[in-house]
Amino acid sequence: MEPNPPNERTVRLNKLHQLSQMGIDSYPARAKSDMTLKNLLEKFEEFVKSKKTITVCGRVISKRLHGKSAFAHIKDGSASFQIYAKLDLIGEDKYNLFKKMIDVGDFLQITGTLFRTRTEEETILVEDLKLLSKALLPLPEKWHGLVDEDKRIRYRYLDMLMDSEVKERFIIRAKITSTIRNYLDSLGYIEVETPILQRLYGGAFAKPFETHHNAMDMKLYLRIATELYLKRVIIGGIDKVYEIGKDFRNEGIDRMHNPEFTMIEIYQAFADYYDMMDLTENLVKYIAEKTTGTLKINYQETTTELTKPFARISFWEIIEKRTGRNFRDSTRDQLIAYLEDQHIEYDPKASNYVLVDEIFKERVERALIEPTFIIDYPLELSPLAKRKSGTKSIVERFEFFWYGFEIANAFTELNDPIDQRARFEEQMKLRAKGNLEAQVMDEDFLTAIEHGMPPTAGMGMGIDRIVMILTNSYSLKDVILFPLQRPLK
RNA sequence: GGGGGUGUAGCUCAGGUGGCAGAGCAACGGCCUUUUAAGCCGUGGGCCGAUGGUUCGAUUCCAUCCACCCUCACCA
């Protein structure tokens, strides 16, 4: 006796028990399948004519009993297909097995011939069936699917199963990364893997995740960027190198940020940031066309065209253009007066350049809808970028913006070890003042570039954000299979 | 962290000026040999997110908490 009224799970557990008593293995090790359901659909006419007997597999997604016959749909990763079982054809034992023991959610192996029903639907007339796997929990309701946002993420497999667009989005994501690889590989770039567990973290401004290695009794960080290791690879003589991988930043979560995210970084010796701009532009256009079939991209009701060259405008110029003011020589008082006047929040302890950056983010960044390169940033905001020749406080850096999002960040890399050491020291001063995101001194990296680093350009691009735009997804959560969630209870 | 919203059956959702909790799908029993949101008859299923308060009585009112969503801030 069940202590509680039977729910669907206990009903199915009882069926499992009965199947076992009937000598039926509910989880056999082997399945036989002649083809996918999609292939079967393609060969349907041919197989009807030749009266071919075929065997296919799939999950039962619906079931309609009609007394002495029954319809159901089965589904595999490629398509769904209707099956039709008749008592007089398969006999009482098998018919009752199907009728009583098989539930929506179970996996079946079906053998039979093909025909069309009165409504012309392609159907398998079942001659034999085998249970491949019994599901104990029911699938979500058949035509609404999973709606609750929490459950869609918590039970992503059900979300994918019930909503083909969700599954499709992750297939497009895979296509985007393989397209990037194909493109770069064809141009002679070499893909490498660098450490995720790092003794020191660097290459970006962010708070890291910390962990500990037991055997070496050593504190380690999860990387926030691949930058400093990829530069070592450049020093080692691979002149065109890239890595696609996860970075980890211990920051807040919102629709544009996730604590673990996928980044591609590309480095090229004997190139500068103009070369990297060309590569970035060509790469974005290439993956957009390969994955969407067009250079007209629609994202959240706004269309942008990738057909013409992307705009290129300098940091100071775009600020002047959008605000009507030139802040380049502004005093601190003037900057603060503007921020107050425009009701832009700021940290009163921040440096002048950070205040300018606030103005940039508020008045410029979110309005950069068309694909745009912003170039030539203030040096203070870019401790790993090379000074632009003939200037004192500008570096050769660009960021790529699209739909108001920062998609990529790149520079002509700083390869002067003396200058690099000075920049690290500047960062350490900021850190001493309490800026937890300032970079840390990395002697091992300095040693590497003291051995000689060629002139190099490097670029980092957020893969999740590109996928978001190209799949017209509102949130990063929609393009990450299993976003972090708190446990139930 | 601030502000707003949501939380009721396995799923999708109703409901209630405070008085034994509702539907469809799914499940269970029965009828039904071309259905497809199959149909018809019947049945079971609920700590109404959690805890506390007010009350004769709370799923409903109040407070706190938890989870998720949106938004602002942070993420140079």
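Note that the structure is predicted; figures quoted are calculated from it, not measured.
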Re B:A23: Watson-Crick or G-U wobble partner, both distances kept under 3.5 Å, found to be B:U12

Which part of the nucleic acid, if any, lies within reach of A:E122 when heavy atoms closer than 4.0 Å are counted: base, sugar-phosphate only, or nothing? nothing

Side chain of A:E8 (C-beta onward), nearest among B:A26, B:U12, B:C32: B:A26

Under 30°, 30 to 60°, or over 60°: which ring-plane class applies to A:F400 and A:F310, parallel, tilted or perpendicular? parallel

If the P atom of B:G53 is compared with that of B:C41, how far apart are they to the nearest Å? 48 Å

Cationic N near anionic O, under 4.0 Å, A:R152 to A:D163: yes

Closest to side chain of A:K15, choosing from B:A27, B:U12, B:C75: B:A27

What does A:K63 touch in the nucleic acid at a heavy-atom separation under 4.0 angstrom: a base, only the sugar-phosphate, or nothing? nothing

Roughly how many Å apart are B:U6 and B:A14, using the C1' atom of each and rounding to a whole number? 16 Å

Measure from the side-chain heavy atoms of A:E141 and tell me the nearest of B:A73, B:U34, B:C11. B:C11

Whole-Å C1' distance, B:G19 and B:A63: 24 Å

Judged by whether its glycosidic angle lies within 90° of 0, B:C20 is syn

I'd like to check the salt bridge (Lys or Arg N to Asp or Glu O under 4.0 Å) partners of A:K219; sequence neighbours left out, ordered by chain and number. A:E210

To the side chain of A:D254, which of B:U34, B:C13, B:C74 is closest? B:C74

Taking RNA chain B as the partner, which of residues 471-478 of chain A come within under 4.0 angstrom of it by heavy atom? A:Y474, A:K477

Establish, for the pair A:R397 and A:Y377, whether the NZ or CZ atom is under 6.0 angstrom from the six-membered ring centre and no further than 45 degrees off its axis. yes

Complementary nucleotide of B:G45, counting Watson-Crick and G-U pairs under 3.5 Å: none

Residue-phosphate contact under 4.0 Å: A:K100 side-chain N/O, B:G30 OP1/OP2: yes

Looking across every strand, which nucleic acid part, if any, lies under 4.0 Å from A:R154 by heavy atom: base, sugar-phosphate, or nothing? sugar-phosphate

Parallel, tilted or perpendicular: rings of A:Y84 and A:F115 (30°, 60°): tilted

Pairing partner of B:G1, by Watson-Crick or G-U wobble and under 3.5 Å for both distances, is B:C72

Scan for ring-ring contact (aromatic ring centres under 6.0 Å, His included) pairs involving residues 346-372 of chain A, sequence neighbours excluded, and state none if there are none. A:F315-A:F360, A:F360-A:F401

Electrostatic pair A:E365-A:R322, nearest N-O below 4.0 angstrom: no

Phosphate OP1/OP2 of B:A67: any A:R486 side-chain N/O under 4.0 Å: yes

Can you tell me the Watson-Crick or wobble partner of B:G7, both distances under 3.5 angstrom? B:C66

For B:U60, give its Watson-Crick or G-U wobble partner with both distances under 3.5 Å, or none. none

Tell me which nucleotide among B:C11, B:C68, B:C75 gets nearest to the side chain of A:E437. B:C75

P atom, B:G42 versus B:C48: distance in rounded Å? 29 Å

Identify whether any heavy atom of A:K207 sits under 4.0 Å from a base atom; if not, whether one sits that close to sugar-phosphate; answer base, sugar-phosphate or nothing. nothing

Give A:D148 one of three labels, base, sugar-phosphate or nothing, depending on what nucleic acid heavy atoms sit under 4.0 Å from its own. sugar-phosphate

Quick one: label A:L146 by what it contacts on the DNA or RNA (base, sugar-phosphate, nothing), any heavy atom closer than 4.0 Å. sugar-phosphate

Tell me yes or no: between the side chains of A:S473 and A:R173, is some donor less than 3.5 Å from an acceptor? no

Reckon A:R12 has a side-chain N or O less than 4.0 Å from the OP1 or OP2 of B:A27? no

Within less than 4.0 Å of OP1 or OP2 of B:C11, is there a side-chain N or O belonging to A:K151? yes

Looking across every strand, which nucleic acid part, if any, lies under 4.0 Å from A:F360 by heavy atom: base, sugar-phosphate, or nothing? nothing

Base-pairing mate for B:C32 - Watson-Crick or G-U, with both contacts under 3.5 Å: none

Check every atom of B:C68, B:U33, B:C74 against the side chain of A:K68 and return the nucleotide holding the closest atom. B:U33

Would you measure the distance from the C1' atom in B:C28 across to the matching atom in B:G45 and give it in whole Å? 10 Å

When you match A:D88 and A:E120 each to their closest nucleotide on RNA chain B, which lands nearer the 5' end? A:D88

Evaluate the side-chain contact (heavy atoms from CB on, under 4.5 Å) criterion for residues A:Q198 and A:Y229: first the C-alpha distance (whole Å), next the side-chain angles of each, then the deciding distance (0.1 Å), finally the verdict. CA-CA 10 Å; A:Q198 303 185 344; A:Y229 280 96; 3.5 Å; yes

Considering only side-chain heavy atoms of A:P138, which listed nucleotide, B:C75, B:C28, B:A26, is closest? B:A26

